[in-house]
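Remember, predicted model here, so these are calculated numbers, not experimental data. Below, chain A is the first sequence line, B the second, and so on; all start at residue 1.
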Amino acid sequence: MLFPTITFAVFFLVVFVGNWLLMPRPHLWKPFILLASFVFYGWWEWRFVLLLALSALANWLFAAAIARSGTAAGRKWLLAVAVAANFGVLGWFKYYGFFITSVVNVLEVFGLNADIALLRIVLPVGISFLTFRVLSYVIDVYRGKLRTASLIDFAVYVSFFPYIMAGPIARAGEVLPQLVSPRDPRRIDTARAFFLIFAGLAKKMLLADYLATHIVNGVFTTPGQYTSLETLFGIIGYSVQIYCDFSAYADIAIGISLLLGFQLPDNFNTPYTAVSVQDFWRRWHMTLSRWLRDYLYIPLGGNRKGQTRTYVNIMVTMLLGGLWHGAGWPFVFWGGMHGAALVAEHRRVDRRRQRAQRPERRTTALDGEDIGDLGVVGEAGAGAGAVAGGSSAPLEYDRRPWHGGVWPRLGVFAFVTFAWVFFRSPTFGAALSVLGRLFQSWGGIGAAVTPALLLVIALGIGIQYVPRSLYERTEAGFSALNPALQGVVLAAGFMLLDVLGPSGPASFLYFRF
Amino acid sequence: MADRSPDDLPFGRRRRSAASALAAILVALLLGALLNAPAMKKTAQESPFGGARSFRLALIDPLAAVSHWLFLDRPARLTAEALGKPDPGPSGAPLVVVVTPRPRPSGRPGPAATVKPLPPPKRGDPLRLYIGGDSMAGVPGMALTNLAKDTGVMEPKLDYHISSGLCRPDFFNWPAQLVRQAKALHPGAAVVMFGANDQQGVQAANGKVYAFETAGWKTEYRRRVRDTMDILFDGGVKRIYWIGQPIMPEAIFSRHMRVLNAIYRSEAHKHPRVRYIDAYRLFSTGSGAYSDYLKDEKGRLQQVREGDGTHLTYAGGMRLARVVLAAIKADWLPNKKSGALSGSPSPRASAKVSPAP
């Protein structure tokens, strides 16, 4: 079921009423919301509801067994089995084709004709997100950060329909506590919820879908048909499209959850205003970044095992992060590009720190870098002249990889946009065709470069530079309106979206991940 | 995540009750439905013939009437008009488009009929290649565009429309579109691929709606295929390359594709200037079964179908495009050695094209 459809509107109306009527009776509310989530998910392919239910049951059992296990070794083994089982399922559905074609073609190179039975595997929508959700619960129980939940609570957490398809990757520790006590029906942040839903729809329908159909799809599939300038705008357009598309889904998911009384973590924070690649990953798909940090980078050793090991850990994390997005080498390469950029930035700051540590300037050897600073998802507070805690005196050095405001922003945007070319292209050859086109046809502007295109690109980037306070003031003003008037404003807005947007709903890009 | 206290929202933003939210949602949905009634009616009208369509229209017709009576359909229409967008309501496009029957250019049907030799395209005078169809034509069309462009003597133009087909000109009027494109582009050759959305009822000129696969449906659909060819020839196209539908993962879907392919193939064989490209065999395994994965001409295993099992991946599109390009080159560049230009097909792939006259 897609959000911008009449079917979903009717579904949500029923769920909204049932949600608040049953909320005071959790023994009724939980089965109700679980059933609603199954209907939402099963609308696309009912057979995968079984997979969802089995995943919930199996991981609940894993966590319960871990919690009950008397020995550290037993707990570790159970965790290993749980992780292997979840990644096994993910691998089966998502990477079967990638694996099998890679193996067969490698064997072919050595003259071995592998006659492997090829299966048709249908990828369940949102399975990557599901895997990360359930693992966050099992690992947190293993770490003692979370108590085991009841099966119904855990099943609701796993299946909650607003985020089931494409995130945000809400952690068990963020959602389960909200299931313990009924939400208060008198205190809903409706203005924020409506704003997020509307803004999400607008970003998706007016910006992302326009860019996709007007220039991006064409440039990335038939680059030879476009001038160099069109290709450049097509590449920039994809950068804007993927932000508007993915953040739109997150906005709508968060807004819908708010209307049901639940708060989800933010997933985007104006990523194209980032001043470094580290900063970008603090702002882009934030729930994935922190998942990778907490469940992959830190277990690998984070930055606690020396400089070289830190860089290796960053690269491993980003390469796997790339593979998580899709079963293809260009995705891995995309992750590797970001990993290399992060390492380069870390290296730059590390050298600065080492200079600050020289005996003639400093006697303190430690700077107390916190273990959470992957750079991919490093913690805030790394500004100029940040003071790091040595044992005797503070060590001062600039932790920003790049100085200035405008040039780092432009540089990061250019790098991220360049890397997206590999993310968007099915093969390296296709990516190189697009990039090569940038240098082949500078004779004219091209018909696809229109004022509307420039306006949409400017809007897609510009909305990230609007101060948050302006949005908040708008929401506050909207919240003061009579509910009927709020409905009128929303209806007018929906009408405008319908007129201005494309005909027919397009699915969100991140569904495939 | 804990809720913030009631008074901590920025700029005095107020929290509301569930009842208030419900009131706002109901007003938004009800008023939104009235404001968007023309677009909703259009969507309902364009859905496949049958009980579901009738039910949707039974619900939406009164809504659209109320909307019109209250002048609530005007804002959307006026906004669309002011912005130069198409009217959001039913397009008024016909359910049936009949092209006046005309004699075949060769004077008599059949592959043995003689045709004039084609002028070989040159760099200064390239072959304008029109590629049209539904979403199934999209990826192979893109691949063919890239391959044709690389020859240096072809100027391809891809024109595909998602969810379209020959059954429902009220949804997308292909006859009108082909007339427009032929006039604008003056293509020398056309590559078309329809059918994946045509497993639905069709209305004939007599007003009757025929269900898919019935005798009446086949007669009407065959007429539409013939008309499509005639429109393209009338527009100056000298060769049509009609791509059949590939095998599908579900048996029933495959059977439907075979019904369509039989019509395309037989109509193509009646006409000396139409080549039929057998995508069904091209995407079948050696044993004639469906597979997501097939080996290319170099023996590399590739995923040729998307996750939905219906659409082609780029590798699949390239597989099909190479065969189409080979057929085009056989007609237009007969003296060029095989492999002299990019996109030469494998021997097995070449066999999928219907014999030239």
Contact origin within [X] toward chain B - heavy atom pairs under 4.5 Å:
X	result
A/Asn19	neither
A/Phe98	neither
A/Leu485	neither
A/Phe194	side chain
A/Ser469	both
A/Ile188	both
A/Leu260	neither
A/Val10	neither

At a heavy-atom separation under 4.5 Å, does [X] approach chain A through its side chain, its backbone, both, or neither?
X	value
B/Glu306	backbone
B/Leu29	side chain
B/Asp87	neither
B/Pro156	both
B/Tyr293	both
B/Leu30	neither

For [X] and [Y], which I'm curious about, is there any donor-acceptor pair between the side chains at under 3.5 Å?
X	Y	answer
B/Asn197	B/Ser163	no
B/Gln45	B/Asp170	no
B/Arg168	B/Asn173	no
B/Asp134	B/Tyr160	no

For the candidates [options], which exhibits the highest count of non-hydrogen atom pairs separated by less than 4.5 Å from chain A?
options	answer
B/Ile25, B/Asp308, B/Leu158	B/Ile25
B/Ala80, B/Ala76, B/Gly12, B/Gly138	B/Ala76
B/Thr313, B/Ile162, B/Thr145, B/Thr43	B/Thr145
B/Leu22, B/Leu31, B/Asn36	B/Asn36

Among the options [options], pick out the one with the most heavy-atom pairs lying under 4.5 Å from chain B.
options	result
A/Leu496, A/Thr427, A/Leu13, A/Leu259	A/Leu13
A/Ala480, A/Gly493, A/Ala492	A/Ala480
A/Asn217, A/Asp498, A/Leu490	A/Asp498
A/Thr190, A/Thr221, A/Thr101, A/Val17	A/Thr221

Do the non-hydrogen side-chain atoms of [X] and [Y] ever get within less than 4.5 Å of each other?
X	Y	value
B/Asp159	B/Gln181	yes
A/Pro330	A/Ser425	no
B/Lys149	A/Gln225	yes

Ring-ring centroid check A/Phe195 A/Tyr471, cutoff 6.0 Å: yes
Taking the six-membered ring for Trp, are the ring centroids of A/Phe160 and A/Phe262 within less than 6.0 Å of each other? yes
Should the pair A/Arg192-A/Glu475 be classified as a salt bridge under the 4.0 Å nitrogen-to-oxygen rule? yes
Let me see the working for A/Tyr96 and B/Asp292 under side-chain hydrogen bond (donor to acceptor under 3.5 Å, both in side chains), right down to the final yes or no. CA-CA 12 Å; A/Tyr96 170 84; B/Asp292 281 353; over 6 Å; no
So does A/Ala476 get a backbone contact from the side chain of A/Ser479, meaning a donor-acceptor N/O pair under 3.5 Å? yes
For atom CZ of A/Arg186, is the number of surrounding heavy atoms from other residues, nucleotides or ligands below 6.0 Å larger than 12? no
